[in-house]
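Below: the structure, in structure tokens.
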Amino acid sequence: MWNIKVLSYVTFLYLICFLFYLGVLIFRYRRLAKVATGFTIFTLLVHTVGIGLRWIESHRLGIGHAPLSNLYESLVFFAWCITAIYLAVEKKYKNPLFGAFTMPFSCLTMAYASFSPDVNSRLEPLLPALKSNWLIIHVITCFLAYGAFAVACGLSIIYLLKRRGGKVWDVFPSLGQLDNLNYQIVTFGFIFLTIGIITGAVWADKAWGSYWSWDPKETWSLITWFIYAIFIHCRLVRGWREARMATVSIIGFLSVLFTYFGVSFLLSGLHSYAKPS
Amino acid sequence: MDILKKFVDFFTSARLTIFLLIILAIFCIIGTLIPEPRLCLKYFGKFGAGLIDALSLYDVYHTVWFRWLLGLLAINLTICSLKRFPKTWRLLHAHKKKTINNEFLQRLSFHKRITFKVPLDAVKDELFRITKRNFRQVEVEKAPNYYILHGRKGHLGHLGPYIIHISILIILIGGIINSKFGFSGIMLIPEGEASNQIFIRSKHHKTLRLPFAIRCDKFILESYESGLPKQYISKVTVIDGNKKIPKIIKVNSPLDYGGIRFYQASYGVAPQPDMVFEIISRRDKKVSIVKVGFNQPAPLPDNQGTFRVVRVEPDLMGVGPAFQIRLKRSKNTQDFWVLERYPRFDAIHRHDKYIFVIKDYTRYTGLQATKNPGIWVVWIGSIILIFGLFVSFFVIPQRLWIRAEPRDKGCTVIVGGMAYKHRPAFSNFFETFVKGVKDVEHKGP
């Protein structure tokens with residue numbers, strides 16, 4: 001099982017990425033920032049190779065399926081999304097300083113996937129209900145959304161820390177820019193969450209004959225959708241800005257975490273195959 | 001009167017939308033956290049459980065007041081949208097009235113003044129071309145002493161929120177159609193038999209008869225080597241009058257017939273199955289295959305007795321399908337169980353001349369039959385919703401004006417622009433555009 005080995009090394013690579021970005025934050029060397037970005041791109045490539053290997057190996061075992069079917073695989077993909085979205089934001093806003101706040105999310109997610117005894121990393125054949133192309137679209141869109149919400153949460157934490165003052169925070173974009181960035185990433189995530197919920201409904205309709213059955217996972221994704229809908233309305237219609245928005249963004253991400261982990265561990269429902277086994 | 005006005009204002013405000021969304025979220029949270037009635041009694045006591053039952057919190061989503069909340073949200077959405085629409089309408093048609101003078105342009109958040117050394121006529125066409133390249137709609141206003149270009153694009157963006165809100169109403173309407181005119185139930189069909197009866201899932205156990213029947217020809221359970229299930233397949237025949245149509249129903253590939261969808265939902269031992277047993281002699285390991293109907297006597301291989309299957313349990317105390325056999329020899333009778341999942345169970349637990357192993361039996365297939373007449377309304381609403389989101393967040397209404405006036409031998413040009421959202425992105429665009437305008441002088445006609 002090469003893929004599992006590669007993916008567990010990726011965890012350490014993310015730790016190194018985080019240390020690089022922390023170094024950038026503390027020492028402010030331009031060159032170090034370039035090294036950090038380069039190293040993160042390299043890590044993302046290795047991560048992609050790991051996922052690809054897993055896909056190939058599953059085909060070799062004769063149970064071929066896209067590596068998006070259980071908790072382990074979804075965690076691995078979640079970390080991939082966070083990093084990819086982070087790199088896109090870094091490139092667009094030319095600021096390598098958020099890294100220190102988003103890389104820990106990637107690293108912890110990978111560490112949890114790789115080293116927790118609760119998470120089964122073995123390649124297993126798919127249950128009949130999971131054999132659907134809608135599943136692949138559903139998982140990809142949901143996790144792009146979750147990744148975006150994670151990055152927005154990181155930005156909101158920076159925002160709230162920066163607001164309290166202190167010289168360390170001067171290097172970050174202004175409060176207004178952080179606020180704007182938070183909003184834009186949330187809207188990106190909101191679109192993908194919507195598509196994720198809809199494709200999930202299409203899949204449920206195909207597999208179970210009911211597009212919406214108020215299963216806990218569905219309900220919690222709807223709750224998350226409500227929270228971000230509130231976020232967007234507060235901003236556009238009520239004119240909320242800054243600290244209050246950052247707080248709502250963090251609450252939204254907590255809801256994402258509960259949808260993802262809380263529901264799988266604490267509540268039972270149709271999505272129970274995502275449970276640790 | 002003042003209170004009434006305040007009440008109406010609140011009812012039509014975005015504040016109520018946010019309030020309703022919060023309330024809906026809270027009730028959804030309660031709905032997922034309340035455990036089943038048995039556990040509620042344990043955690044909250046008799047009074048608590050009674051209260052939960054009285055508010056029907058076990059199934060929040062289907063209560064009358066949850067529907068009222070959704071209804072309120074729909075009304076609020078409609079009213080808020082209608083209330084805002086005139087403003088949007090004016091934005092969409094704003095370009096018609098304004099006089100574009102220099103003061104107006106200089107008040108815009110993005111503006112730039114450029115002086116050219118060549119006369120106005122020399123750059124006019126190029127200015128038009130560069131504007132046209134960036135804006136789909138360009139209006140030209142000409143006069144002896146000035147030349148005005150007005151470009152606009154992305155005005156669909158103003159309509160984004162309305163598209164989203166309409167789509168949500170469409171999805172809710174689809175949901176109402178489904179719950180009013182649709183149904184969902186289960187059909188249980190043993191292999192070899194036909195049925196047209198659906199057991200409707202509801203509080204009052206209703207059944208529904210279809211105008212056609214479905215016969216289950218064969219149920220197949222495919223497994224991986226590890227024993228995990230791979231696919232459940234029902235080979236069925238639809239019998240509609242004289243027509244007999246063979247079909248296959250699998251998980252994730254339902255059958256559509258007569259406006260109803262049939263899904264592979266479950267399977268199990270048929271109520272009175274035909275069975276195939278392997279009877280192994282302990283002494284010489286000779287194997288005989290015996291076919292037997294339910295509760296029908298069959299001779300043992302040595303012809304010195306009979307056996308019959310007297311009871312079939314689809315799941316005996318969690319160990320899976322079990323078959324109780326009554327074995328009769330001249331004097332004594334013996335009852336024992338044969339388990340499908342543990343083929344060696346009989347060999348270990350009973351000492352007799354013969355070991356019984358169940359090889360095959362008649363199964364039934366459980367099909368879920370669903371009619372959702374509003375499902376396409378839901379999907380159309382969903383597509384519009386996604387479209388509306390993209391329009392709202394990615395189509396940015398932008399406007400740009402260029403006013404050129406001849407001055408001395410050359411001319412002055414003022415470029416002004418505005419965007420209704422995503423100003424940083426527009427700022428970048430504006431800079432590049434102005435650079436392009438400056439280069440116009442060197443290109444010439």
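A, B, ... follow the sequence lines: proteins, then strands. Residue 1 opens every chain.
If you measure heavy-atom distances from A/Trp212 to chain B, you find no contacts under 4.5 Å at all. Using a 4.5 Å cut-off between heavy atoms, A/Ile232 contacts chain B through its side chain alone, with no backbone atom that close. For a residue to count as touching a neighbouring chain, one of its non-hydrogen atoms must lie under 4.5 Å from one of that chain's; by this rule A/Asn180 touches chain B with the side chain only.
Within 6.0 Å of CZ in B/Phe429 there are more than 12 heavy atoms belonging to other residues, nucleotides or ligands. Applying the 6.0 Å contact sphere to CH2 of A/Trp134 captures no more than 12 heavy atoms from other residues, nucleotides or ligands.
Taking the ring centroids of B/Tyr162 and B/Phe85, they lie under the 6.0 Å cut-off. Between B/Phe66 and B/Phe27, the gap from one ring centroid to the other reaches at least 6.0 Å.
Evaluation of the salt bridge (charged side-chain N to carboxylate O under 4.0 Å, His left out) rule for A/Arg235 yields A/Asp179 as partners, not counting sequence neighbours.
Residues B/Ile260 and B/Leu210 have side chains in contact (heavy-atom distance under 4.5 Å, counting atoms from C-beta outward).
Between the side chains of A/Thr224 and A/Thr259, at least one donor-acceptor pair of N or O atoms lies under 3.5 Å.
Chain B is approached within less than 4.5 Å, heavy atom to heavy atom, by A/Tyr183, A/Gln184, A/Thr187, A/Phe190, A/Ile191, A/Thr194 from residues 183-194 of chain A, ordered by number. Below 4.5 Å, heavy atoms of chain A meet heavy atoms from B/Leu385, B/Ile386, B/Leu389, B/Phe390, B/Phe393, B/Phe394, all part of residues 383-397 of chain B.
Exactly one of A/Phe143, A/Tyr228, A/Phe231 qualifies for a ring pair (Phe, Tyr, Trp, His ring centres under 6.0 Å) with A/Phe149. That residue is A/Tyr228.
Applying the salt bridge (Lys or Arg N to Asp or Glu O under 4.0 Å) test to pairs two or more places apart or on separate chains, none has a residue in residues 190-199 of chain A.
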